[in-house]
Amino acid sequence: MRWALGLALAGALLAAPLVAGRYELSVLILVFQFVLMGQAWNLMMGYAGQLSLGHALYVGLGAYVPALLWLHFGVSPLLGVFAGMAAAMLAGAAIGWLGLRFGIEGVYFALLTIAFAEITRVAFDHLPVTGGAGGLFLPVTPEGRAAWWMLDGGPVFFYYVTLALAAGATGVVAWLARSRMGFLWRAVRDDPVAAEALGVNLFRARMQAILVSSAMASVAGVVVAFYYRNLFPSQVFDMSRSIELILAPIIGGLGTVLGPVVGAALLTPAGEALAALVHRAGLDAPGVKAVAYGLLLIAVIWVRPSGIWPWLARRLGVS
Amino acid sequence: MSALLEVEAVSRRFRGLLAVDAVSFGVDAGELFAVIGPNGAGKTTLFNLIAGALPPSAGTIRLAGERIDGLRPDAIAARGVGRTFQIVRPFPAMTVRENIMVGSLMRTPHAAAARAKADAVMERLGFAALADRPAASLTLPDRKRLEVARALATEPRLLLLDEVMAGLRPTEVDAMVATLRAINAEHGTTIVLIEHVMRAVMALAGRVLVLHHGARIALGTPAEVVAEPEVVRSYLGTGPVH
Ligand SMILES: Nc1ncnc2c1ncn2[C@@H]1O[C@H](COP(=O)(O)OP(=O)(O)OP(=O)(O)O)[C@@H](O)[C@H]1O
Ligand SMILES: [Mg+2]
């Protein structure tokens, strides 16, 4: 049952570009990006119990660093992604060190993550090398020939890239959840005092979660940069980005492997469909998606406080 | 026998209150040692000082000759001190087995080995049937047993048990006493237990330390301390005796 379900889903996802149009593909690409970012955030919050409201920082660094390396030095984003990862991990380490060294926890830690993202946004707005507030534009390959090693391609190409990343991230989380590190993260999340008495080094466990999470989030940045091909600090590092990416894991189920997947699969298409509907009705309501997300979040937390996936898994008998 | 734990003139002050007042004692390797005293005597605070959850205000604590006062709790745990919490602290979202695995993961990097170890500990404490239950769903006596199981899974040299028999039925107390005896005999695990259940103290402990208002008022065999007039006055006469 479980295997049949999984195989059918994998087959459908692999074959989707054969039947899906441009619009449907763009929505699916968005879904996969949110799966990737949601998995990254879920590691830190759902597994290690550390609330970050500044994950746009890691995604943004993961976008800007490979983009700049490519623009100025012609470095392939397939290599640049690692530089972006390093930058994001460095930022994560700085935030983590401050938070852990000075015992800043819970909502105060979340404020710290917001502060770092905001500071970076302002800095990037004024730095000439990042293109400043005017933005950074990534031209398509001059000869007009798509090149996979430069992450230059159409929607079908990015469909498979983001699908692979989302699946990879989910696989990594599934593996981590069963690893020693994952166990210790959950223990620290549930009761840091008890965990410490059982020999868990709180600083190390929390720092590991921050580093893995920021690294994973930065990978989503490469897609942001090379798929959309323009970057503005005011968008990339905006707090609404940080908020948006935490909705899927919360709605799907914190601290579960498939929660972020289920959450993104429901939320993103619903939001896009709603926006399209409002647009077609001739209304100009840019905030409609945010309001809808907010209402959905309240509804889910109301009826399924631990998220949709744990409940769905029981229903399907696959938990 | 050599002293495994040496507590020397240890004090802990909470603002105006001297919760532990210049307490000294030693516990030999392999000993079964009890700490008793009325509510608020400073027993749990003493454990917190030994396990590193709180730093002492004064005094030194040695484990196998090495100073451990001032170390972090995880460092002290790694040196072989396992402790339980009087106010139980399970990992609520994790299953019973996973809770215990966190303990065994201190000694093994592999989840599979940790799992096998956790299963053995559960078998030993007689709640293998609860393995897959979330810890949040356990009754209080089972949570107390989970505390013991988790600490045991770290393979401690010194096991600090804080009122793990409170709320157990007499037959369960006897079973726990037998289990602790067996663990002590097989692994040479040194056990220091805080206990109000005098039935367990008398059956288990070779020596007993009595605290009152943070200070040591008696130290000796169970028969010796219950004969001390000050112990009778401050504790046995008034405190809960089961
Ligand atoms: N973290 C703390 N901050 C302030 N006071 C504390 C703290 N911990 C304990 N105390 C106080 O220290 C004294 C000793 O408390 P402790 O918990 O060690 O007693 P106990 O002997 O374990 O009592 P019981 O038998 O009720 O468990 C009490 O007066 C308590 O209120
Ligand atoms: Mg106590």
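Only heavy atoms go into these numbers, but all of them, side chains included; no hydrogens, no water, no symmetry mates. Below, chain A is the first sequence line, B the second, and so on; all start at residue 1.
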State whether the number of non-hydrogen atoms from other residues, nucleotides or ligands found under 6.0 Å of [X] atom [atom1] is greater than 12.
X: Arg107(B); atom1: CZ; value: yes
X: His110(B); atom1: NE2; value: no
X: Tyr108(A); atom1: OH; value: no

If we ignore hydrogens and angles and just use 3.5 Å, is the side chain of Arg83(B) paired with the main-chain N or O of Ala197(A) as donor and acceptor? no
Which region of [X], side chain (C-beta onward) or backbone (N, CA, C, O), has a non-hydrogen atom less than 4.5 Å from a non-hydrogen atom of chain A, or is it both or neither?
X: Pro156(B); value: neither
X: Ala93(B); value: both
X: Ala151(B); value: backbone
X: Thr108(B); value: backbone

What distance separates Asn99(B) CG from Arg186(A) CZ, expressed to the nearest 0.5 Å? 9.5 Å
Drop me the distance from Thr154(B)'s OG1 to Leu198(A)'s CG, to the nearest 0.5 angstrom. 6.5 Å
Check [X] against [Y] and note the closest heavy-atom contact, atom names and distance.
X: Ala77(B); Y: Gly199(A); result: CB-N, 3.6 Å
X: Val200(A); Y: Asp74(B); result: O-CB, 3.3 Å
X: Phe183(A); Y: Val102(B); result: O-CG2, 4.3 Å
X: Phe91(B); Y: Asp190(A); result: C-OD2, 3.2 Å

Tell me, side chain or backbone of Arg178(A) under 4.5 Å from chain B's heavy atoms, or both, or neither? backbone
Under a 4.5 Å heavy-atom cutoff, which of Arg79(B), Glu147(B), Met101(B), Met94(B) has the most pairs with chain A? Met94(B)
Set of residues satisfying ring pair (Phe, Tyr, Trp, His ring centres under 6.0 Å) with respect to Phe32(A), sequence neighbours excluded: Tyr159(A)
Are Arg72(B) and Leu202(A) close enough that some pair of their side-chain heavy atoms sits under 4.5 Å apart? no
